[in-house]
Each structure stands twice: as structure tokens, then as C-alpha cells.
Amino acid sequence: MTRQEPLFQRSTHNPILTALDVPYPANTVFNPGAARVGAETILLVRIEDLRGISQLQVARSADGETNWTFDPEPLLRADVDRDPEETWGCEDPRLTWLPERNEWAIAYTAYSRRGPLVSLATTHDFRSVTRLGPVMPPEDKDAALFPRRINGRWAMIHRPSPLRGGAHMWLSYSPDLRHWGDHKLILEARDGAWWDAGKIGLGPPPLETPEGWLVMYHGVHLTSDGPIYRVGLVLLDLEDPGTVLHRLDQWVFGPEAPYEVTGDVGRVVFPCGWVHDEPSDRLFLYYGAADTSVALAIAKFSDVLARVRASPRLAST
Ligand code: BMA
């Protein structure tokens with residue numbers, strides 16, 4: 001196994017957002033979805049309040065790295081009478097631009113009394129939202145839409161938690177974003193000593209490239225000292241995303257910096273958003289650090305793609 005240069009470089013401004021930046025008392029800010037909207041970068045940040053309940057609120061920046069300003073009110077906050085499935089909050093959003101509908105899709109975890117489930121909402125401007133409601137029953141999370149229909153249907157990756165065995169990534173299809181079916185297991189957690197043994201889940205939304213759908217996922221390594229959350233990469237077939245073309249054996253990013261190692265949940269990097277700046281060939285990866293703050297790491301997009309394409313076509317287990 002050869003030693004490889006790290007793909008991602010941490011921002012010198014990390015952590016780029018902490019609870020002190022929130023315009024009201026908050027415990028933590030983490031696991032943001034990300035979008036480039038006009039000249040602005042938007043993060044839809046999970047804010048855990050002093051009750052332990054999370055809401056999703058927009059923070060904006062001109063350069064995607066510094067001078068973030070929070071909108072005054074959360075974009076997605078549970079109204080328990082109206083949205084009982086959100087009783088314990090809204091978590092971990094993934095943002096996908098849908099050109100056909102001319103709007104953004106927000107896939108997020110609604111924390112219901114029966115466990116976490118997948119809910120969808122849409123927005124044109126990140127100032128107001130339309131809730132489509134729950135689309136996957138509990139327990140299910142780590143979902144994002146693909147940006148376009150595939151063979152006529154919308155597609156979504158998500159991560160149900162079965163009663164038996166590990167937690168793996170699934171693909172489902174829908175004619176209308178509301179009714180989902182044709183469920184297919186597409187990526188399994190590996191086994192034994194692997195960094196992604198037992199439990200995996202989607203990171204940011206799938207990114208379309210000429211070579212295939214670039215997908216980042218988190219893998220959980222259970223140790224006697226608790227879990228370690230790291231991330232890896234796969235490439236899925238463009239017209240049949242149920243087919244894995246390449247899977248990297250090694251993780252590409254893991255907790256090392258002090259703000260990733262220590263926090264409410266230590267040794268966690270948890271990306272939910274990325275922005276591909278095509279003119280500069282840069283990939284901005286936004287992630288929750290130790291379930292406590294928001295951090296940024298930047299890679300050369302072409303290097304990321306080359307790395308995953310250089311991996312074997314058949315996945316190791
Ligand atoms: C996952 C999710 C994330 C969290 C991570 C690490 O299961 O609940 O929200 O960041 O665990 O604690």
C-alpha cells in the first residue's frame with residue numbers, strides 16, 4: 001500500500017462556525033448542508049439548542065469560508081402539533097438543486113418518537129420552505145436526492161437501520177418525490193477490522209461527473225473507546241446508480257484536528273454538504289466536527305475523481 005498525499009486540506013479558519021456565532025443560546029452547530037446560490041455560499045446548519053433539540057438555520061458567506069451571517073430565524077423548526085414526526089428535531093440536511101423543478105430539495109432527518117426518519121422539503125430561496133413530509137419510516141436517515149431523474153424517475157440514497165446485521169446504503173426511486181419504491185441495497189458496510197465495518201451512510205448529495213456519480217460516505221469504526229467516523233468515496237454508474245463502479249479501500253478524511261477529536265461526540269467528521277467550484281477545480285467540503293462545530297476542508301476536484309477512479313473496480317469486503 002503506497003503512501004498518498006491527503007486529498008483534503010483543512011481551512012485555516014476552522015472551525016468556521018461555533019455555537020458562539022449563533023444569534024441565540026445554543027449548545028452546538030454541526031452537520032450542515034451546503035449550496036452555492038448566486039454569489040453566496042449557503043450552509044443549512046444543524047443547531048442543537050439548550051434542550052437538546054435541533055433545528056436547521058441558514059448561514060451565508062460571500063467566499064464560502066469566512067464572515068458567515070446567520071438568518072434571524074430557523075428555516076426548519078418543528079411545530080410539534082403540525083409535524084409530530086419532528087418531535088425531537090430536524091437534523092443533518094442534504095441540499096440538491098433540481099433544475100427540472102427550478103428549486104432546491106432538502107432531505108433531512110426528522111427525529112420522531114419512533115426514531116429518526118427521512119423527510120423532504122423544497123425551497124426556492126432558503127427564506128421559506130414547503131414540507132413534503134416523511135418519505136421513509138423509522139429508522140432511516142442520511143438521505144439525499146440525485147439532481148435529475150434517472151430513466152424517468154427521481155432517485156434517492158438513504159440508510160435504513162435493519163433489526164439484524166449492519167446499516168447499509170440503499171437506493172429508491174419515485175415518480176413524484178412523494179411515493180418511493182424499487183428499493184435496492186447499493187453499498188454495504190464492510191466487515192471485521194475495516195474502517196467502514198458495520199455502519200455506513202451517505203455524506204453530501206451525489207455529484208454528477210462524466211465518469212459517474214461521485215458519492216462520499218461516512219464509515220463508523222467501533223472501538224472499545226467508542227466510534228470513529230471517517231469518510232470514503234465511491235463512483236456509481238451514471239444511468240444505473242445501483243451499480244458501484246469503484247470503491248476506495250482507504251478512507252480519505254478522518255478526525256485529526258483538536259476540534260474533530262474533542263467535543264460532544266469526539267472523533268467525528270460528518271460531511272453533509274459540498275460545493276464544486278468548477279472554474280477553480282476546487283471542492284469545498286463542509287462537515288460537522290465532533291458534533292460540536294462546523295469545519296471546511298478543500299480538495300482539488302480532479303484529484304478526488306482521479307483517486308476514486310484509480311481504485312479497483314471490484315470492492316473489497
Ligand atoms: C450519526 C448521526 C449524526 C452524528 C453522528 C456522530 O448517527 O446521528 O447526526 O453527527 O452520528 O455522532
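All heavy atoms count here, side chains included; hydrogens, waters and symmetry mates do not. Just so you know, ligand 1 is whichever comes first in the structure, and atom 1 is the first atom listed for that ligand.
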- request: Specify side chain, backbone, both or neither for N31, according to which of its non-hydrogen atoms lie closer than 4.0 Å to ligand 1.
  value: side chain
Extract all donor-acceptor atom pairs below 3.5 Å that involve side chains of residues 300-307 and protein atoms in other chains or at least two apart in sequence.
{"from": "S302", "atom 1": "OG", "to": "D281", "atom 2": "OD2", "distance (Å)": "2.6"}
{"from": "R307", "atom 1": "NH1", "to": "Q4", "atom 2": "OE1", "distance (Å)": "3.4"}
{"from": "R307", "atom 1": "NH2", "to": "E5", "atom 2": "O", "distance (Å)": "2.7"}

message: Please determine whether a side-chain nitrogen of the Lys or Arg among E91 and K141 lies less than 4.0 Å from a carboxylate oxygen of the Asp or Glu.
response: no
query: Is a side-chain donor or acceptor of R159 paired with a backbone partner of I200 at a separation under 3.5 angstrom?
result: yes
query: For Y229, is at least one N or O under 3.5 Å away from an N or O on ligand 1?
result: yes
- prompt: Where is the nearest protein heavy atom to atom 10 (O) of ligand 1: which residue, which atom, and how far?
  reply: D291 OD1, 2.6 Å
query: Taking the six-membered ring of W195 as reference, does the NZ or CZ atom of R230 fall below 6.0 Å from its centre and within a 45° cone about the axis?
result: no
message: For ligand 1 and R46, I'd like to know whether there is a polar contact (N/O to N/O, distance under 3.5 Å).
response: yes
query: What are the atoms of ligand 1, with element, lying closer than 4.0 Å to any heavy atom of D92?
result: 2 (C), 3 (C), 9 (O)
query: Going by the order shown, which atoms of ligand 1 are within less than 4.0 Å of some heavy atom of K141?
result: 2 (C), 7 (O), 8 (O)
- request: Output every pair passing ring-ring contact (aromatic ring centres under 6.0 Å, His included) with a member in residues 127-164, not counting sequence neighbours, ordered by first then second residue.
  value: F146-W213
